[in-house]
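Computed from a predicted structure; not experimentally measured. In what follows, chains are A, B, ... by sequence order, proteins preceding strands, each numbered from 1.
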Number of protein chains: 2
Amino acid sequence: MGEQEDVRWLTAEEQRAWRGFVRLHERLGGRLGRLLQSESNVSPADFAVLVNLTDTPDGRQRYQDLARALEWEKSRMSHHIARMAGRGMVVREECPEDGRGAFVVITDAGRAAIEAAAPRHVEAVRELFIDHVTPAELRVLAEVSERVIGKLDETQS
Amino acid sequence: MGEQEDVRWLTAEEQRAWRGFVRLHERLGGRLGRLLQSESNVSPADFAVLVNLTDTPDGRQRYQDLARALEWEKSRMSHHIARMAGRGMVVREECPEDGRGAFVVITDAGRAAIEAAAPRHVEAVRELFIDHVTPAELRVLAEVSERVIGKLDETQS
DNA sequence: ACGCAATCGATGACCTGTCAACTACGTCTA
DNA sequence: TAGACGTAGTTGACAGGTCATCGATTGCGT
């Protein structure tokens, strides 16, 4: 039951930054998600999928590529696409070149949904976040994010 | 089907910061959570609850206060405490002064769990995050977080 | 060609969180 | 002190995610 470990606990400043960061994401993510859901009837996950699909010329992408882009597990992908297909936003389509694979294809309803949702969402991101952060601060945020994510990629898993 | 909305889309720099921020939290949160879970058999949510309880002198707190501190819904609180109680980390206790209320009380097993988990967790936060961010950047992070959260609090909900 | 390993996606069990009632208790006012 | 209203926590149905596992298919080494 030793109490005096040699752990380097976080300083007050470090805690402030760490907790602030975590809390900010929780609060902001929650708020934006609820807005998306209530105003456009699209969940944040749906939105992410639809954005990725509309980024491709023909609105179709392999499960695997979509999963990589979103950093989702393949099983999550599979479950989520099944649900979205149930709601008519996407369709699953066999892949001729690879018998194992499949495509996710956006439907007209899916396009309509994201075109309706995107403007309000971007507006909300601005109002709730971007507008309160200076360009210099945004640059710091971007740099820090990229650096830390880079380190995460280095250390395995 | 108009395409030329008057929406002010995000600039490249803004997108970089916003996406980086979101992705960073997802990646880092996921990694830290898995570490906690696999090394200490404590979920991130458990950890948050236990930290809050050990911050009080007698390791006991009202559901309501705990929920406010963690910014959880009361129903989440209720469900989660029920699960943690099932695992022996906390106990539910009636509140004499208010017949509706109840306390969450940490058990010895709960204390043992967090004392085992905390050092490794802090170490991980350092290695994966703090160590790659300068003090000046940390200050920017803290300031931005507090400012934006403040704005979130102002606009209702 | 053959057999083995790796890849793709699906599936089912399980855990977590949200939402919308609902119960039980307190508080305020007439 | 009755009734109305608010508050504390619970509950059940459901959507979402993870994990382990599986069937099918492809690709690689010999």
Rounded distance (Å) that lies between atom P of D/dA24 and atom OH of A/Tyr63 | 18 Å
Would you give the length of the straight line joining atom CG of A/Leu32 to atom CZ of A/Phe47, rounded to the nearest 0.5 angstrom?
-> 10.0 Å
Grab the CZ-C1' distance between A/Arg100 and D/dC22 for me, whole Å please.
-> 15 Å
May I ask you to decide if B/Gln61's main-chain N or O and B/Thr56's side chain share a donor-acceptor pair within less than 3.5 Å?
-> no
Shared-cluster residues of B/Val105, by chain and number - hydrophobic side chains joined below 4.5 Å | B/Phe103
Separation of A/Arg68 atom CZ from C/dG9 atom C1', in whole Å?
-> 14 Å
Would you kindly give the CD-to-P distance between B/Gln61 and D/dG9, to the nearest whole Å?
-> 11 Å
Find the distance B/Leu70:CG to D/dG9:P and express it as a whole number of Å.
-> 13 Å
Going by atom types only, do A/Thr155 and B/Arg31 share a side-chain donor-acceptor pair under 3.5 Å?
-> yes
Between B/Asp98 and A/Asp98, who's closer to the 5' end of DNA chain D by nearest nucleotide?
-> B/Asp98
Would you mind reading off the distance between B/Gln37 atom CD and D/dG17 atom C1', rounded to a whole angstrom?
-> 13 Å
For the pair made of CD in B/Glu26 and P in D/dG17, what is the distance, rounded to whole Å?
-> 10 Å
Comparing B/Arg62 with A/Ser43, nearest DNA chain D nucleotide closer to 5' gives the residue B/Arg62
Where along residues 72-94 of chain B does a heavy atom come under 4.0 Å from DNA chain D, residue by residue in number order?
-> B/Lys74, B/Ser75, B/Ser78, B/His79, B/Arg92
Residues, nucleotides or ligands: over 12 heavy atoms within 6.0 Å of B/Asp58 CG | yes
Measure the distance from CG on B/Asn41 to P on D/dC19 and round it to the nearest whole Å.
-> 14 Å
Is the shortest distance from a Lys or Arg side-chain nitrogen in B/Arg23 or B/Glu26 to a carboxylate oxygen in the other one below 4.0 Å?
-> no
